[in-house]
Amino acid sequence: MKTDKKSIRVGVVVASLDILGGQAVAACRLLDGLRQSKRIHAELIPINPRLPKWLRWMQRIKYLRTLVTFTYYLFSLLIRIPKFDVLHVFSASNFSFLLAPAPAVMVGRLFGKPVILNYHSGEAERHLKNWAKTAMPIFKLAHKIIVPSAYLVGVLAKFGIASEAIPNTVDLGQFRFHQHRPLRPIIFTNRNFETHYNVGCALRAFALVQQQIPEMQLIIAGDGSQRKQLHELAQKLQLKNLEFVGAVSPQEMAELYHRADIYLNASVVDNMPLSILEAFACGLAVVTTNAGGIPLMVKNRQNGLLVASGDERALAEAILAVYRNPRLADRLIKQALKDCQAFTWNTVGERWIALYEQLACEHSPTSTVTRQPAENEPAIVAQTGGSD
């Protein structure tokens, strides 16, 4: 590993893009941003490492592949973590918390490394209630708990966990603004086919919209455990102009946003969806439920339309309202684009760099780095209050 002697070496533990999901995309943008800094040298430590060729045959055997991949992941942690000054561990919840972030946090502490636990799950409250005996000790081992929203700061505070909010970022170079006037009758949604994203509610809302606007189209990107049920529901509802495009890579996603003019999200459990930021950036009018931390991103009738979770009729009415009212759509879209500026790397990146430098100086006795605040560097303020 060749680095500048004064640079901070950061190991980022997260799923690679071989597993399509919000954490992998957020980590990819983090790593891309850090490559612009001479003060940081960051590398990916994937929780889903690609096995050597001579082991890949095992990936065809259902339970064996999990065991072998997990063993190889542990081995990579033991080999690679000693090389870094700071460990940045992305985390989801429930059982995956035990499989991926927990081992990384423990190995990081074993080698005396400062550890950031970057917790992203909208299911945090249920996780900490149901898995307290396994989750709380890992939270206590981390030197810093970072979450992407003030909503999660409030949830963790209920369990006595102090955390700080550093938001996800959106790449305005990849997700370029493009607005149509008036809006075309094309809706896009791209949440994975899991219960908490409630894609079935989006289908039912679309059915109601089609009763009034038969030419309305819906493009659905994503995949998951509910694939069969959702395809069956679409047939039962006799939906027309519906396109399931399957799982889509981040590189292809921007093109799908540009094919539509209305973004639809029907989740019942959520935190701070990257997809809503991307829709903002691309110039789509956003219609979404108010799950989790979404109301902290989407202000009703300011930069999008918010409705109660699980209410397909309200979603349909909001879609019709934004489609039929060009002045409303134009105002929402313009404000949403302005709001994106708070989520660019130029705005957020220095906070990560400052945190890495702070931890490296405070916790790594062998570190050669001297903490030098950058010009106009924003302060990192601890937030431990309740949810807004």
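Side chains included, hydrogens not; waters and symmetry mates left out as well; all remaining heavy atoms used. Remember, it's a predicted structure, so these values are computed and weren't measured experimentally.
Side-chain contact between D270 and Y197: present, with at least one pair of heavy atoms (C-beta onward) separated by less than 4.5 Å. The shortest distance between side-chain heavy atoms of V286 and N265 does not fall below 4.5 Å. Between Y356 and P114, the closest side-chain pair of non-hydrogen atoms is not below 4.5 Å. Under the 4.5 Å side-chain criterion, counting only non-hydrogen atoms from C-beta, L305 is not in contact with I319.
For the residue pair H120/N271, the side-chain donor-acceptor check at 3.5 Å is not satisfied. In the model, D261 has no side-chain atom that pairs as donor or acceptor with a side-chain atom of Y323 under 3.5 Å. For N190 and Y257, the side-chain atoms include at least one donor-acceptor pair closer than 3.5 Å. If you check the side chains of N118 and Q23, you find no donor sitting under 3.5 Å from an acceptor. Counting only N and O atoms by type, the side chains of Q212 and R324 include a donor and acceptor under 3.5 Å apart.
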Practice problem: Could you give me the CA-CA distance, side-chain angles and deciding distance for K144 and E362, then say whether salt bridge (Lys or Arg N to Asp or Glu O under 4.0 Å) is met? | Solution: CA-CA 12 Å; K144 286 284 186 180; E362 292 177 356; over 6 Å; no
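Ring geometry for F90 versus H88: interplanar angle under 30°, hence parallel rather than tilted (30 to 60°). The aromatic rings of F139 and H127 sit tilted relative to each other, their planes meeting at an angle between 30° and 60°.
Side-chain atoms of E194 come within 3.5 Å of backbone N or O of S225 as a donor-acceptor pair. Side-chain N or O atoms of T189 include one that pairs as donor or acceptor with a backbone N or O of L264 at under 3.5 Å. Panel note: side chain N94, backbone S96; no donor-acceptor pair is recorded below 3.5 Å. Put simply, the side chain of R109 gets close to the backbone of L141: a donor and an acceptor are under 3.5 Å apart. Not a single donor-acceptor pair under 3.5 Å links the side chain of K38 to the backbone N or O of S7. For the pair H41 (side chain) and R9 (backbone), a donor-acceptor distance under 3.5 Å is absent. For the pair S37 (side chain) and L34 (backbone), a donor-acceptor distance under 3.5 Å is absent. Side-chain atoms of D339 never come within 3.5 Å of backbone atoms of M297 as a donor-acceptor pair (strictly under, hydrogens ignored).
A salt bridge links D330 to R181: one of the charged nitrogens lies within less than 4.0 Å of a carboxylate oxygen. A salt bridge is defined here as a Lys NZ or Arg NE, NH1 or NH2 lying under 4.0 Å from an Asp or Glu carboxylate O, and E43 with K83 fails to meet this definition. Under the 4.0 Å criterion applied to side-chain N and carboxylate O atoms, R29 and D32 are not assigned as salt-bridge partners. A salt bridge is absent between R184 and E215: the closest approach of a Lys/Arg side-chain nitrogen to an acidic carboxylate oxygen does not fall below 4.0 angstrom.
Of all the heavy atoms in H258 and H178, the pair that sits closest is CD2-CB, 4.1 Å. Closest of all the heavy-atom pairs between F159 and E125 is CZ-O, 3.8 Å. Nearest heavy-atom pair, I45 versus G11, reported as atom, atom and distance to 0.1 Å: CD1-CA, 4.1 Å. The minimum heavy-atom distance linking S267 with R191 is given by the pair OG-NH1, 4.1 Å. Summarising the geometry of V170 relative to C340, their closest heavy-atom pair is CG1-O, 4.2 Å, with the distance given to 0.1 Å. Minimum heavy-atom separation, A285 to L183: CB-CD1, 4.1 Å.
Applying the side-chain contact (heavy atoms from CB on, under 4.5 Å) criterion to L239, with sequence neighbours excluded, gives L203, F206, A207, Q210, A234, L237, L242.
Tracing side-chain contacts under 4.5 Å through hydrophobic residues (I, L, V, M, F, W, Y), one never reaches M253 starting from I187; they form parts of separate clusters.
Heavy-atom neighbours of R176 CZ from other residues, nucleotides or ligands within 6.0 Å: at or below the threshold of 12. The number of heavy atoms from other shown groups lying within 6.0 Å of CZ (F111) is above 12. Environment of CD in E255: sparse, with no more than 12 heavy atoms of neighbouring residues, nucleotides or ligands closer than 6.0 Å.
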